[in-house]
J.: 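Below is the structure I would like to discuss, written out as structure tokens.
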Amino acid sequence: MQKLLHNLNPEQLAAVTLPAQSALILAGAGSGKTRVLTTRIAWLIQTGQVSPSGILAVTFTNKAAKEMQARLSAMLPINTRGMWIGTFHGLCNRLLRAHYRDAALPQTFQILDSQDQLSAIKRLLKANNIDDEKYPPRNLMYFINSAKDQGLRAHEVDAYDDFNRKFVQLYELYDQQCQREGVVDFAELLLRTYELLSRNQPLREHYQARFSHILVDEFQDTNDLQYKWLKIMAGKHSAVFAVGDDDQSIYAFRGANVGNMMAFEREFQVQNLIKLEQNYRSHGHILDSANTLIANNSKRLGKNLRTDAGHGEQLRVQEASSDLQEAQWIIEETKSLIAEGAARSEIAVLYRSNAQSRVIEHALFSAGIPYRVYGGQRFFERAEIKHAIAYLQLMDNPHNDSAFLRVVNFPTRGIGARSLEQLQDAARQYGISLYAAVPYVAGKAGSSLGAFIKLIEGTRFETQNLPLQEMVQVVLDASGLLPHYRNEKEGADRIENLEQLVSAAMLFVSEEGFGIDAPALVGPPAQAVAGAAVTTGDGVEIIDADAPLATIMSPLSAFLSHASLEAGDNQAQAGQDALQLMTVHSAKGLEFDAVFITGLEEGLFPHENSQQEQGGIEEERRLMYVAITRAKKRLYLSFSQTRMLHGQTRYNMKSRFFDELPDEALKWLSPRVQQHHWSAHTAKAAWVDAPQAGANAIAQKISSKGIGWKIGESVSHQKFGEGVIVNIEGGGGNPRAHINFGRHGMKLLDLGVAKLEKVARA
DNA sequence: GGGCGCCAGTTTTTT
DNA sequence: ACTGGCGCCC
């Protein structure tokens, strides 16, 4: 016990040892949040207040769940794999597998990832002759997901006009289609579980009684449905330990509702609100900057980080003349950091949007500095892997039409659009799946489709006694995938990936406790399930969805869930010591000795689209707060006068966030550049990219006449503040300039009338 | 059925 | 500037 609690600061200790009541822990960046969460679990178990089976710990990402499990294993002499620690979706999957009948799902229901969901929606629109120009599939998908994320079924959605009524109707049809096919999307996993518990009293009471302690990580990221889910899981008596940071709420765009923190405080009668404000990560100037910046937000729960680390270095600010020069500057600074002995993996380059990485990557590549970009394509999202998975899905659940369509003619086997149309007509007519409709298709189409069915069923028969990894190997060959890619010139990488799928299957069965000999298609023996049966007070027998997975599903079903729920590494391969490149969003939760925050310009960061959104600027500010608090020792901030975006040169102003940082924490590396001389790059860009060369000729003439305004120049206006001249038009007596005033927008001002001043440069 | 060419879109992302 | 998706043509 002593050992468990030693080295906790007073707030952390208080949080860990709170009585069994609901509590809200406001955990600032770098305040030891994960440590508190895991130590709390360990403490509850070690003091005998709860057994491991009485704990439910929920996270958002698999990575966080794994880390929690690993840390807990290190603290306690128990096997944590059987514990209910997981993501919302992973835990729902487990519950729905165990209670598939009560949830009205087939035992082998399959999970659609976002790609699958979109293609399912496109298929739905086609089947119903809906104009996808008028009702774009992506918009419909967003509509359906946000309804589900609020816990709303189609009939519960308010439709206030014809357009929305159509969406509601399509939502309803979409759910019917999913049900027919035996598939669920991500949001459905949660909604279905929520509905299962709200309708099934014995089940609800069973789990409510079982989980006396529920712990939630990153609570500020919960959406409305997740909050409802937690409420129903908790019931009246469970203690919910919610850990979060309202200042790091950066996912409103995908439905996260920070308001859940306030609602939680109220609805769970939180007596214990503990703030973890001691920061163990960043030096003083970095922390001061973060605090000063975030103080500009209203509607905060209120929190101020402090450190014992001393001021440390100032933040180094660089104004670049172009995005290319910004990249070059990053190279120079990186080189000197490395020369000072910094590890490349301890240096991160952050940007607001992915498009910004290209220029930086290019520069790093030329300079021969190894780097790693986060956010690439993930293993289970690769086309060849999705194809292989589709064959496996058909063997487990032939009514998955998405899987059917993906591979029915891949590799090509003479089944064209014509045949598929016939098949789809038949399926529609009888209200059955494509697979089931094959016997209704006559002629040549019917026979080639029949051959496909034979392929699936033959492979299923052939592999029925084989363990998963061997089944996968057989499927790769029998499906023709491996032969296909062997014949392809650029197929080598794909073959390598497919072979990795076999290893992934092998690893999966051994890690999840299936045993490497267990037949892939065979579910748990009846006794094993019966062994987990629980009888409630009402005498209702309930099969408890207890871990491990092997007790509730077959290796194949489990592996297919795993493929959907855990798409694999989102980051480039680890290994070599490399510079870390990522968006600010993906940097959340990480820390580095040195951090570059790049592209700090109005329109980019804060992003222009956030201007229109309710609370958008505050979210951008929280994003900036997240970015700043990633740095331990050194922080670089940069912005550029010009930037290539969507094939056009943009002239941005420096970000308003600079005005929100404490002067004493900033060290300006570049005296702001005198713009009276055009740098070669700027001049060239302006000439080449201007809509009409004439405008520039005029601008040139005007300036040569002594009026002196030039494109790219910074000016100041009494009302609009600082701006950048983006273009000049109309020579003669009436020259006018397009000026980007950042947050005040683009203005067209008459240069003869407007009172503009040149911005004095240091 | 595959390949080429045009057009639209282009903030952030996990499950 | 680039990409991905779709449609048309061979």
Side-chain angles (χ1 to χ4, degrees), chain A residues 58-65 86-93 111-119 122 126 132-133 136-138 142 145 148-149 184-191 217-218 221-223 225-226 249-256 323 350-359 362 374-378 380-381 383 409-420 488 561-568 570 582-589 599 603-613 616 619-620 622-624 626-627 643-650 685 688-689:
Chain A
V58 197
T59 64
F60 278 86
T61 65
N62 293 298
K63 195 178 155 202
T87 63
F88 278 102
H89 297 84
L91 296 167
C92 287
N93 181 41
I111 302 165
L112 301 180
D113 66 17
S114 326
Q115 274 179 55
D116 302 333
Q117 189 187 17
L118 187 63
S119 68
K122 285 182 183 166
K126 210 162 267 170
D132 61 4
E133 304 255 295
R138 290 186 167 282
Y142 176 79
N145 288 341
K148 288 191 182 185
D149 284 344
V184 298
D185 58 53
F186 287 132
E188 183 72 23
L189 281 169
L190 274 125
L191 184 51
D217 191 16
E218 305 276 17
D221 289 338
T222 51
N223 64 32
L225 178 55
Q226 286 157 339
S249 161
I250 56 173
Y251 285 115
F253 71 90
R254 65 177 199 211
D323 46 354
L350 309 184
Y351 33 82
R352 175 65 179 82
S353 65
N354 286 303
Q356 289 164 251
S357 77
R358 293 180 90 257
V359 175
H362 184 80
Y374 282 57
Q377 209 189 22
R378 307 163 74 190
F380 284 105
E381 286 168 354
N409 198 36
F410 190 92
T412 52
R413 41 179 77 89
I415 300 171
R418 213 42 41 84
S419 311
L420 288 178
E488 216 176 49
S561 314
H562 167 80
S564 307
L565 291 177
E566 218 169 318
N570 185 27
M582 65 194 85
T583 62
V584 180
H585 279 91
S586 4
K588 190 173 159 213
L604 245 194
F605 198 2
H607 197 276
E608 52 201 350
N609 294 3
S610 69
Q611 296 261 33
Q612 281 69 253
E613 291 157 18
E619 178 139 325
E620 294 289 306
R622 290 191 293 270
L623 199 49
M624 180 66 182
V626 168
R643 183 175 297 278
M644 262 318 214
L645 196 67
H646 310 323
Q648 278 190 318
T649 306
R650 305 196 2 156
V688 172
D689 297 312

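Computation of the quantities below employed the complete heavy-atom set of this structure, encompassing side-chain atoms and omitting hydrogens, waters and symmetry-equivalent molecules. Every chain is numbered from 1 and lettered A, B, ... according to where its sequence line falls, protein lines coming before strand lines.
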J.: Counting side-chain heavy atoms from C-beta on, which of B/dT12, B/dT15, C/dA1 comes nearest to A/M644?
T.: C/dA1
J.: Grab the CD-P distance between A/E188 and B/dT14 for me, whole Å please.
T.: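 Going from A/E188 (CD) to B/dT14 (P), I get 22 Å.
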J.: Select base, sugar-phosphate, or nothing to describe what A/N62 touches, counting heavy atoms under 4.0 Å on all strands.
T.: sugar-phosphate
J.: With rounding to the closest Å, how many angstrom separate the C1' atoms on C/dG5 and B/dT12?
T.: 23 Å
J.: Could you tell me the separation between the CD atom of A/E218 and the P atom of B/dT14, rounded to a whole number of Å?
T.: 13 Å
J.: Verify, without hydrogens or angle tests, whether A/E620 (side chain) and A/S610 (backbone) share a donor-acceptor contact under 3.5 angstrom.
T.: no
J.: Figure out the CZ/P separation between A/F60 and B/dT15, and round it to whole Å.
T.: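 A/F60 atom CZ is separated from B/dT15 atom P by 11 Å.
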J.: Expressed as a whole number of angstroms, how long is the span from A/R358:CZ to C/dC2:C1'?
T.: 7 Å
J.: Is the aromatic ring of A/H89 within stacking range of B/dT15, meaning centres under 5.5 angstrom and planes under 30 degrees?
T.: no
J.: Expressed as a whole number of angstroms, how long is the span from A/R138:CZ to B/dA8:P?
T.: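 Taking CZ of A/R138 and P of B/dA8, I get 16 Å after rounding.
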J.: Hey, is the side chain of A/R378 poking within less than 4.0 Å of OP1 or OP2 on B/dT15, counting only N and O atoms?
T.: yes
J.: Taking the C1' atom of each, how far is B/dT14 from C/dT3, in whole Å?
T.: 23 Å
J.: Side-chain N or O of A/T583 less than 4.0 angstrom from OP1 or OP2 on B/dT13?
T.: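 Checking B/dT13 against A/T583, a side-chain N or O does come within under 4.0 Å of OP1 or OP2.
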J.: Do the side chain of A/Q226 and the main chain of A/N223 share a donor and acceptor less than 3.5 angstrom apart?
T.: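 Indeed, once roles are kept as given, a pair shorter than 3.5 Å links the two residues.
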J.: Quick one: on DNA chain B, does A/R413 or A/E566 contact a more 5' nucleotide (nearest heavy atom)?
T.: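 Result: A/R413.
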J.: What is the distance, rounded to the nearest whole Å, between atom CD1 of A/I250 and atom P of B/dT14?
T.: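 So the CD1-P distance, A/I250 to B/dT14, works out to 10 Å.
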J.: Has A/N409 got a side-chain atom pairing as donor or acceptor with A/G416's backbone, closer than 3.5 angstrom?
T.: no
J.: Report yes if at least one side-chain N or O of A/N354 is closer than 4.0 Å to OP1 or OP2 of B/dT13; otherwise report no.
T.: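 Answer yes for this pair, as a side-chain N or O of A/N354 is under 4.0 Å from OP1 or OP2.
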J.: Using only side-chain N and O atoms of A/N409, determine if any of them is under 4.0 Å from OP1 or OP2 of B/dG1.
T.: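 For B/dG1, OP1 or OP2 has a side-chain N or O of A/N409 closer than 4.0 Å.
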J.: Look at A/K588 together with A/D221 and state whether they make a salt bridge at an N to O cut-off of under 4.0 Å.
T.: yes
J.: Between A/Y251 and A/H585, how do the two ring planes meet: parallel, tilted or perpendicular, split at 30° and 60°?
T.: tilted
J.: If you draw a 6.0 Å radius around CZ in A/R413, do more than 12 non-hydrogen atoms from other residues or ligands fall strictly inside?
T.: yes
J.: Could you check whether A/S114 gets within reach of a base, just the sugar-phosphate, or nothing at all, counting any heavy atom under 4.0 Å?
T.: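 If one applies the 4.0 Å heavy-atom cut-off, A/S114 turns out to touch a base.
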J.: Out of B/dT11, B/dT15, B/dT13, which nucleotide sits closest to the side chain of A/E613?
T.: B/dT11
J.: Nearest-Å distance, CG (A/N93) to P (B/dT15)?
T.: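 Between P of B/dT15 and CG of A/N93: 14 Å.
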J.: Heavy atoms under 4.0 Å, any strand shown: does A/D113 hit a base, just sugar-phosphate, or nothing?
T.: nothing
J.: Hey, does A/D185 reach any base, or is it just sugar-phosphate, or nothing, if we go heavy atoms under 4.0 Å?
T.: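 Nothing, no heavy atom under 4.0 Å.
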J.: What's A/I415 touching, base or sugar-phosphate or nothing? Going by heavy atoms closer than 4.0 Å.
T.: sugar-phosphate
J.: Report yes or no: is the ring centroid of A/F88 under 5.5 Å from the six-membered base ring centroid of B/dT15, with the two planes under 30 degrees?
T.: no
J.: From B/dT12, B/dT15, B/dT13, pick the nucleotide closest to the side chain of A/L565?
T.: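 It is B/dT15.
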J.: Using a heavy-atom cut-off of 4.0 Å across all strands, would you classify A/F253 as base, sugar-phosphate, or nothing?
T.: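 Base contact.
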J.: For a quick check of understanding: with a heavy-atom distance under 4.0 Å over all strands, which category does A/K122 fall into, base, sugar-phosphate or nothing?
T.: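 If one applies the 4.0 Å heavy-atom cut-off, A/K122 turns out to touch the sugar-phosphate alone, with no base involved.
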J.: Roughly how many Å is it from CG in A/L350 to P in B/dT13, rounded to a whole number?
T.: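 After rounding, the gap between these two atoms is 12 Å.
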J.: Applying the side-chain contact (heavy atoms from CB on, under 4.5 Å) criterion to A/H89, which one of A/N62, A/L189, A/I111 satisfies it?
T.: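 With A/H89 as partner, A/N62, A/L189, A/I111 yield a single side-chain contact (heavy atoms from CB on, under 4.5 Å), made by A/L189.
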J.: Given B/dT11, B/dG1, B/dT13, identify the nucleotide with an atom nearest to the side chain of A/S586.
T.: B/dT13
